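Please read the structure below before turning to the comments.
Everything numeric here is computed off the predicted structure, so don't read it as measured data. Just so you know, these numbers use all the heavy atoms, side chains as well, and skip hydrogens, waters and symmetry mates.
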Amino acid sequence: MRSVIVAFYDTSEKIFESQIPLLFVGKRNQNLGFYSNNYCCSKIDLLFLSGFKNYSSKYKNDLKSVGYVLHDVLSIYSELDARYSFLNKYSDYDKKCFLRWLVIKNYFPGEKIIHYDGDIIFNEDPEVIKNKVEGKTFVLQGCPAFTVISDLNWFEVYENQLNEMNVDKFVNDQDFISYLIQNKLLIQDDYKDVLSDYVAFENPLWPKRNKDDQIFKYKRTNGIDYFNDKKVLFWHMQTSFKFYLSRFIIRERFLKFFNNKLSLDANEKSLQNSLINKIYNFLPSYSSRLFVYNYFFKKRDLSSVLNDKVWWQEGVFNGRRDKI
């Protein structure tokens with residue numbers, strides 16, 4: 001079973017790393033001792049649909065040194081891009097998301113895979129995760145950021161359904177995949193048993209699935225994050241969560257007199273939001289994932305946010321925020 005990340009940003013390596021900090025994550029994995037038991041067999045395959053030619057040899061070698069195997073799959077993607085012209089209705093980004101599954105299928109034929117989005121920060125060794133989910137096929141909470149495919153018929157069904165897709169019916173590949181799962185076209189194994197030792201969620205803004213879930217107490221021990229003494233499986237640093245954290249950083253640095261809850265809606269009318277948004281517009285670096293990663297996964301932990309005083313929603317976290 002392969003661990004796979006698909007990348008597709010036609011930018012410089014500096015911009016790429018600032019928005020998809022794979023080198024940061026790879027270094028962090030090593031610092032946490034991931035891969036140490038069987039490093040030679042535990043690397044992550046990194047498939048570049050585009051952009052590979054833009055990156056220097058040094059950057060590529062740095063990525064290799066922290067556990068990635070790099071693959072330039074532009075030729076495979078280009079063939080699919082031409083064949084699936086009906087997907088041109090979507091943005092280039094969304095079209096690549098739709099077609100990444102066919103690239104994986106064609107590049108690793110007959111192989112089981114675990115797919116991770118490039119904006120995931122691991123809180124467990126990917127090799128341990130692989131052993132836990134072996135034999136399962138599922139999409140975590142309907143979000144393809146973490147997708148396990150052991151039943152290779154998944155690829156066949158996806159491709160067949162894509163060929164027949166009504167483009168006016170779906171927003172993106174997540175919407176499409178969720179539809180296929182809901183209509184029992186794609187296999188969706190029950191994964192709760194294999195992930196019972198972890199707290200797993202696809203969007204950290206909603207770690208509780210329903211109001212009856214237990215209240216969480218957050219802590220970080222030896223670099224690993226826990227909710228109620230259970231490991232968080234990983235952090236999916238998708239745009240909405242990253243934006244929430246970057247708004248908090250601005251408040252923490254420049255608006256310390258606000259110490260109440262930070263609203264989820266940045267457009268909600270309040271003096272606090274107005275000031276945060278004005279400062280945010282003048283500090284573009286604060287919007288990068290690399291900036292947020294460094295702030296919360298290198299300089300400090302997440303306790304200043306994941307507490308009942310600051311977190312936007314009631315009844316999710318207990319405990320007060322730590323003093324800075």
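At a threshold of 4.0 Å, the pair Asp308-Lys217 does not count as salt-bridged, since none of the basic side-chain nitrogens sits closer than that to a carboxylate oxygen. Using a 4.0 Å cut-off between charged side-chain N and carboxylate O, Glu134 and Lys130 make no salt bridge. A salt bridge is defined here as a Lys NZ or Arg NE, NH1 or NH2 lying under 4.0 Å from an Asp or Glu carboxylate O, and Asp197 with Lys230 fails to meet this definition. No salt bridge links Lys132 with Asp193; every basic N to acidic carboxylate O contact stays at or beyond 4.0 Å.
Between Phe297 and Phe24, a ring centre-to-centre spacing not shorter than 6.0 Å is recorded. In this structure, His71 has its ring center under 6.0 Å from that of Tyr107.
For the pair Asp125 and Gly33, the tightest heavy-atom approach, listed with the atom from each and the gap, is OD2-O, 4.4 Å. Here the closest heavy-atom approach between residue Ser65 and residue Gln30 is recorded as O-NE2, 2.9 Å. Nearest approach of Lys105 to Phe155, heavy atoms of both residues: CD-CB, 3.6 Å. In this structure, Ser246 and Val292 approach most closely via the heavy-atom pair CB-CG2, 4.0 Å.
With a 6.0 Å radius and a threshold of 12 heavy atoms from other residues, nucleotides or ligands, Lys89 has its NZ atom above the threshold. Within 6.0 Å of the CZ atom in Phe257, the count of heavy atoms belonging to other residues, nucleotides or ligands exceeds 12.
Screening Phe234, Phe241, Phe227 against Phe201 for a ring-ring contact (aromatic ring centres under 6.0 Å, His included) leaves a single residue, Phe227. When the options Ile20, Ile120, Leu245, Val25 are evaluated for a side chain to side chain contact (heavy atoms under 4.5 Å, CB included) with Met237, the one that passes is Leu245. Screening Phe146, Tyr116, Phe34 against Phe122 for a ring-ring contact (aromatic ring centres under 6.0 Å, His included) leaves a single residue, Tyr116.
Atom CD1 of Ile250 and atom CD1 of Ile276 lie 7.0 Å apart (nearest 0.5 Å). Atom NZ of residue Lys192 and atom CG of residue Asp190 lie 5.0 Å apart, to the nearest 0.5 angstrom. Between Asn163 atom CG and Arg83 atom CZ the span is 8.0 Å, to the nearest 0.5 Å.
Under a hydrophobic-cluster definition in which Ile, Leu, Val, Met, Phe, Trp and Tyr are linked whenever side-chain heavy atoms come within less than 4.5 Å, directly or via other members, Met165 and Val157 are assigned to the same cluster. Under the 4.5 Å side-chain heavy-atom criterion for Ile, Leu, Val, Met, Phe, Trp and Tyr, Ile215 and Leu205 are members of distinct hydrophobic clusters.
Using cut-offs of 30° and 60° on the angle between ring planes, the pair Tyr244 and Trp311 is perpendicular. Ring orientation note: the planes of Phe243 and Tyr280 are nearly perpendicular, at an angle over 60° on the 30°/60° scale. Between Tyr295 and Phe291, the ring planes are parallel. Angles under 30° get that label, and only those over 60° would be called perpendicular. Ring geometry for Tyr158 against Phe176 counts as perpendicular: the plane angle is over 60°, on a 0 to 90° scale with 30° as the lower cut.
Contacts classified as salt bridge (Lys or Arg N to Asp or Glu O under 4.0 Å) and involving residues 231-245 (residues at least two apart or in different chains) are given here: Glu124-Lys231.
For the residue pair Asp301 and Ser303, a side-chain donor N or O sits within less than 3.5 Å of a side-chain acceptor on the partner. One side chain, Glu202 or Gln238, offers a donor N or O that lies under 3.5 Å from an acceptor on the other. A donor and an acceptor atom, one from each side chain of Trp235 and Asp225, are located under 3.5 Å apart. A side-chain donor-acceptor contact under 3.5 Å links Asn260 and Gln272. Side-chain contact of Arg247 with Asn273: a donor-acceptor pair under 3.5 Å is present, judged by distance alone. With hydrogens and angles left out, the side-chain atoms of Gln19 and Ser288 include no donor and acceptor closer than 3.5 Å.
Side-chain contact check for Asn172 versus Asp175: some heavy-atom pair is nearer than 4.5 Å. In this structure, Tyr84 and Leu99 have side chains that are in contact, with non-hydrogen atoms separated by less than 4.5 Å. Tyr286 has its side chain within reach of Ile249: a pair of non-hydrogen atoms, C-beta onward, lies under 4.5 Å apart. Ile279 has its side chain within reach of Leu255: a pair of non-hydrogen atoms, C-beta onward, lies under 4.5 Å apart. The closest side-chain heavy-atom distance from Tyr59 to Asn54 is not below 4.5 Å. Contact annotation: the side chain of Lys64 never approaches that of Val69 to less than 4.5 Å [non-hydrogen atoms, C-beta and beyond]. For the pair Val6 and Trp101, the minimum side-chain heavy-atom distance is 4.5 Å or more. Proximity of Tyr68 to Leu23: side-chain heavy atoms (C-beta onward) are nowhere separated by under 4.5 Å.
In this structure, Lys136 forms no cation-pi arrangement with Tyr191, as its terminal cationic atom is not both closer than 6.0 Å to the ring centre and no more than 45° off the ring axis. Geometrically, Lys60 engages Phe52 in a cation-pi contact, judged by NZ or CZ lying under 6.0 Å from the ring centre and within 45° of the ring axis.
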Working note: Phe8 + Tyr93, criterion ring-ring contact (aromatic ring centres under 6.0 Å, His included); need CA distance, chi angles, decisive distance, verdict. CA-CA 8 Å; Phe8 39 87; Tyr93 174 87; 5.4 Å; yes

Verify ring-ring contact (aromatic ring centres under 6.0 Å, His included) between Phe138 and Trp154, making sure each step is shown before the conclusion. CA-CA 9 Å; Phe138 64 88; Trp154 192 99; over 10 Å; no

For salt bridge (charged side-chain N to carboxylate O under 4.0 Å, His left out), just list the numbers for Lys58 and Glu13, CA-CA rounded to whole Å, side-chain angles, deciding distance to a tenth of an Å, and then say yes or no. CA-CA 10 Å; Lys58 181 182 184 307; Glu13 64 193 53; over 6 Å; no

Under the side-chain contact (heavy atoms from CB on, under 4.5 Å) rule, what do Val310 and Lys261 come out as? Steps first, then yes or no, please. CA-CA 4 Å; Val310 173; Lys261 287 187 175 297; over 6 Å; no

Criterion side-chain contact (heavy atoms from CB on, under 4.5 Å) on Trp312 and Leu262, from CA distance to verdict: CA-CA 5 Å; Trp312 68 274; Leu262 179 64; 5.9 Å; no

Test side-chain contact (heavy atoms from CB on, under 4.5 Å) applied to Tyr218 and Val305, step by step: CA-CA 10 Å; Tyr218 165 83; Val305 179; over 6 Å; no

Before giving the answer on ring-ring contact (aromatic ring centres under 6.0 Å, His included), spell out for Phe98 and Phe170 the whole-Å C-alpha distance, their side-chain angles and the decisive distance to 0.1 Å. CA-CA 11 Å; Phe98 275 110; Phe170 305 102; 7.8 Å; no

Verdict with reasoning, His236 to Asn203, per side-chain hydrogen bond (donor to acceptor under 3.5 Å, both in side chains): CA-CA 6 Å; His236 182 199; Asn203 189 337; over 6 Å; no

Does Leu102 form a side-chain contact (heavy atoms from CB on, under 4.5 Å) with Leu162? I'd like the steps, not just the answer. CA-CA 10 Å; Leu102 302 189; Leu162 186 65; 3.8 Å; yes

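Between the side chain of Ser274 and the backbone N or O of Ser270, no donor-acceptor pair lies under 3.5 Å.
For the side chain to side chain donor-acceptor pair (under 3.5 Å) test, no residue two or more places apart in sequence or in another chain qualifies with Lys53.
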